[in-house]
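Worksheet: one structure, shown below.
The chains referred to below are lettered A, B, ... by the order of the sequence lines, with proteins before strands, and numbering in each begins at 1.
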There are 2 protein chains.
Amino acid sequence: MGRTKDERRAPGMHDVARRAGVSHQTVSRVVNEMPNVRPATRARVLQAIADLGYRPNSAARALVTRRSGTIGVVTSGSMLWGPSSALLGVERAAREAGYFVSLASLGSDPAQVGSTLAHFHEQAVEGVIVIAPEASLQHVADPLLTEVPVVMIGAPPAPDSAVRTTSVDQEMGGRRATRYLIGLGHKQIHHVSGPLEWFDASLRVAGWRAELAAAGLPDGTLLVGDWTARSGYAAGVRIRELIHGRSPQAPTAVFAANDLMALGVIHALAEAGLSVPRDVSVVGFDDIPGADYFTPGLTTVRQDFEELGRRCIEILLEALRGEPSIVAPIAPQLIERASAASPRD
Amino acid sequence: MGRTKDERRAPGMHDVARRAGVSHQTVSRVVNEMPNVRPATRARVLQAIADLGYRPNSAARALVTRRSGTIGVVTSGSMLWGPSSALLGVERAAREAGYFVSLASLGSDPAQVGSTLAHFHEQAVEGVIVIAPEASLQHVADPLLTEVPVVMIGAPPAPDSAVRTTSVDQEMGGRRATRYLIGLGHKQIHHVSGPLEWFDASLRVAGWRAELAAAGLPDGTLLVGDWTARSGYAAGVRIRELIHGRSPQAPTAVFAANDLMALGVIHALAEAGLSVPRDVSVVGFDDIPGADYFTPGLTTVRQDFEELGRRCIEILLEALRGEPSIVAPIAPQLIERASAASPRD
DNA sequence: CTTTTTTGTCCGCAAAGTCGC
DNA sequence: AGCGACTTTGCGGACAAAAAA
């Protein structure tokens with residue numbers, strides 16, 4: 001019921017075979033680029049395929065090969081700049097590799113996690129990529145692990161787990177941002193981090209700490225935010241209070257774990273008459289669109305999500321072939337703009 | 001080859017049938033909730049399904065039903081806030097409706113369009129949603145139209161085409177922004193638009209014009225940008241020149257077609273010592289994350305993408321059922337913040 | 001004994017694999 | 001080497017057979 005019956009069915013191998021005067025088997029061989037087909041025959045088949053506009057039916061193929069040709073991508077529900085860019089990169093790379101991409105976003109509801117996996121399982125995805133770098137989600141895909149390889153973006157490598165990972169080197173990002181500020185002469189560098197359950201967040205914290213220690217500087221104050229500009233603003237308010245109170249802990253520079261929070265920090269400082277970078281330097285993370293036109297233009301750390309996506313697929317393919325993967329995290333890049341400068345005193 | 005052979009195959013209907021002491025057909029009936037199965041039998045089957053952890057094989061089902069249970073979503077390659085939010089909304093709604101979502105992004109390469117559609121065709125998607133509201137892409141999905149319904153987000157309804165559309169009412173958005181500025185007492189209101197090939201862009205222009213006309217105000221100047229902060233900055237530079245030149249066309253307010261461009265405009269103005277909103281009021285569009293912490297907080301027009309996604313799927317389902325759709329565009333909402341105020345003089 | 005459930009058999013779907021010629 | 005016949009995959013549909021009413 002439903003469909004009009006007169007829609008002529010798409011041609012099948014059989015139709016192609018008849019038209020080319022061969023058996024459907026031979027068509028299969030041609031399509032799958034198997035050897036042992038005479039060039040002349042191959043040409044005839046190819047011609048017939050072109051004539052009929054034949055397209056292999058992926059359902060049938062999936063049925064018999066037990067491979068769906070699709071990979072599942074799980075994203076956390078929040079469409080922040082990072083995750084959505086990573087998604088795009090993954091999609092591109094996947095399609096280039098000839099895979100379909102099935103998307104599923106994750107609500108916070110844990111029941112949804114189960115249904116999402118069931119979803120993928122049902123669809124017989126050949127691999128899963130998780131773009132949800134929260135520690136709490138580290139194991140979302142584990143139930144599928146016995147069946148298909150899982151690659152998780154942004155999670156730390158876990159040698160004991162079969163989950164493969166890849167990421168931009170967040171710690172290095174944190175180090176680069178911090179080192180840059182140190183290089184400018186800053187000695188009190190605070191950090192506004194993301195939620196510490198996010199790997200990215202805690203790694204950036206680690207990088208910040210490590211670099212301070214390496215330079216022999218005292219620890220700065222850690223202010224924990226939640227990636228939003230609002231939380232950055234709240235941190236900024238605390239920072240400006242420290243400064244106005246001439247606290248010994250008043251920073252001359254702030255490293256924010258993403259650009260949105262950096263924006264909030266700058267806003268809070270500006271509101272109190274503090275100028276960036278004259279009074280306080282600020283470095284962000286991500287290089288979101290528009291960061292170059294914040295006031296002032298934001299010095300930040302950029303991640304190459306295209307590359308991340310590509311590498312992610314690469315690793316997944318390696319896993320599918322049963323090969324090991326070389327895991328070299330991607331180096332992020334510091335983008336110098338106007339929000340950081342040498343301290344005044 | 002490839003897989004280790006000892007992985008025990010997933011149970012099939014047949015296994016379930018044996019375990020429940022019925023035929024595989026009965027299992028099918030239970031699974032598909034067909035009538036004419038005795039409750040006792042149904043229970044036995046259900047039990048067997050649970051015991052074996054049986055999951056219907058979607059490839060086989062797709063093969064025989066000729067329905068894949070997936071819908072294809074095409075997005076333009078740019079992961080701006082709008083499109084990616086819409087994508088998320090669509091995905092949520094689709095999965096709630098029991099569909100898989102297959103994602104394909106579009107490069108600018110027209111050849112890619114073809115391969116994308118082939119991709120979807122191959123996968124036998126049951127419907128396609130296009131999130132690529134550029135006029136140039138209006139017909140990307142046409143080749144598929146004879147086969148499956150297509151819903152296009154943000155395109156104007158085309159009664160002659162089988163493509164269904166839904167959108168946030170962009171013209172109304174443009175009107176609301178403009179009316180708000182008029183209400184504040186502005187008489188020279190310029191507009192920084194997106195590329196006019198984008199429906200959203202030209203509709204916002206239309207709304208701006210219409211509202212100016214309705215208020216009996218002269219046309220403002222139209223500056224065409226490309227959605228980026230950089231282009232907004234360029235427009236801002238022209239605007240500040242007008243103001244400093246005391247041109248009769250100097251605006252007291254600017255309506256930017258997205259927040260990023262508004263950011264650029266503000267940046268250009270601030271650079272020249274012009275204060276927003278004291279010297280010039282600015283209204284944006286989208287309410288991107290962080291817009292509330294721009295300096296000043298950006299007055300903007302917000303679109304409900306969740307709702308958009310939901311409605312999109314709704315329409316697609318209606319199309320699938322052969323029902324007509326009521327197309328009521330979604331009303332966007334003006335968010336008042338600090339970037340617009342009454343003009344000084 | 002007829003009618004109405006309920007259940008099972010056979011076939012098709014569109015491709016791929018094995019073997020044999 | 002180059003090709004075709006037969007079988008397999010997991011599931012749903014049409015119809016028929018069996019069971020219940």
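Judged by distance alone, with hydrogens and angles left aside, the side-chain atoms of Ser85(B) form a donor-acceptor pair with the main-chain N or O of Trp81(B) at under 3.5 Å. Looking only at distances, no side-chain donor or acceptor of Glu126(B) sits under 3.5 Å from a matching main-chain atom of Ile71(B). Of the possible donor and acceptor atoms, none in the side chain of Gln303(A) sits under 3.5 Å from a partner among the backbone N and O of Val168(A).
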Show each protein N/O and nucleotides 17-21 of chain C N/O combination with a separation under 3.5 Å, one pair to a line.
residue, atom, partner, partner atom, Å
dG17(C), O6, Gln25(A), OE1, 3.2
dG17(C), O6, Gln25(A), NE2, 2.2

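Summary for the helix from dT2(C)-dA21(D) to dC21(C)-dG2(D): the axes at its two ends, each from 5 pairs, differ by 40° when rounded to the nearest 10 degrees.
Here Val31(A) lies out of heavy-atom contact (under 4.0 Å) with every strand. Residue contacts for Val37(B): at a heavy-atom cut-off of 4.0 Å it reaches the sugar-phosphate backbone alone, with no base atom in range.
Relative to the side chain of Leu63(B), the nucleotides dT6(C), dA14(C), dA5(D) differ in distance, and dA14(C) lies closest.
Protein atom CZ of Arg38(B) is 13 Å distant from nucleotide atom C1' of dT4(C), rounded to whole Å. Atom CZ in Arg44(B) sits roughly 14 Å away from atom C1' in dG8(C) (whole-Å rounding). Following rounding to the nearest Å, Arg61(A) (CZ) and dC13(C) (C1') show an atom-to-atom distance of 15 Å. When the C1' atom of dT9(D) is taken as reference, atom CZ of Arg67(A) falls 16 Å away, rounded to whole Å. In this entry the distance linking CG of Asn36(B) with P of dA14(D) reads 14 Å, nearest Å. Atom pair Asp15(B):CG and dG10(D):P shows a separation of 8 Å (rounding to whole Å applied). The CE-P distance, from Met13(B) to dT7(C), rounds to 14 Å in whole Å. As a whole-Å value, the separation of Glu33(A) CD from dA16(C) C1' is 15 Å.
The structure places CD1 of Ile315(B) at 8.0 Å from CZ of Arg164(B), a figure rounded to the nearest 0.5 Å.
In this pair, His24(A) and His14(A) present their aromatic rings tilted. The plane angle is within the 30 to 60° band.
In this model, the phosphate group of dG4(D) is approached by a side-chain N or O of Thr26(A) to a distance below 4.0 Å at OP1 or OP2.
A heavy-atom distance below 4.0 Å to DNA chain D is reached by none of the residues of residues 49-59 of chain A.
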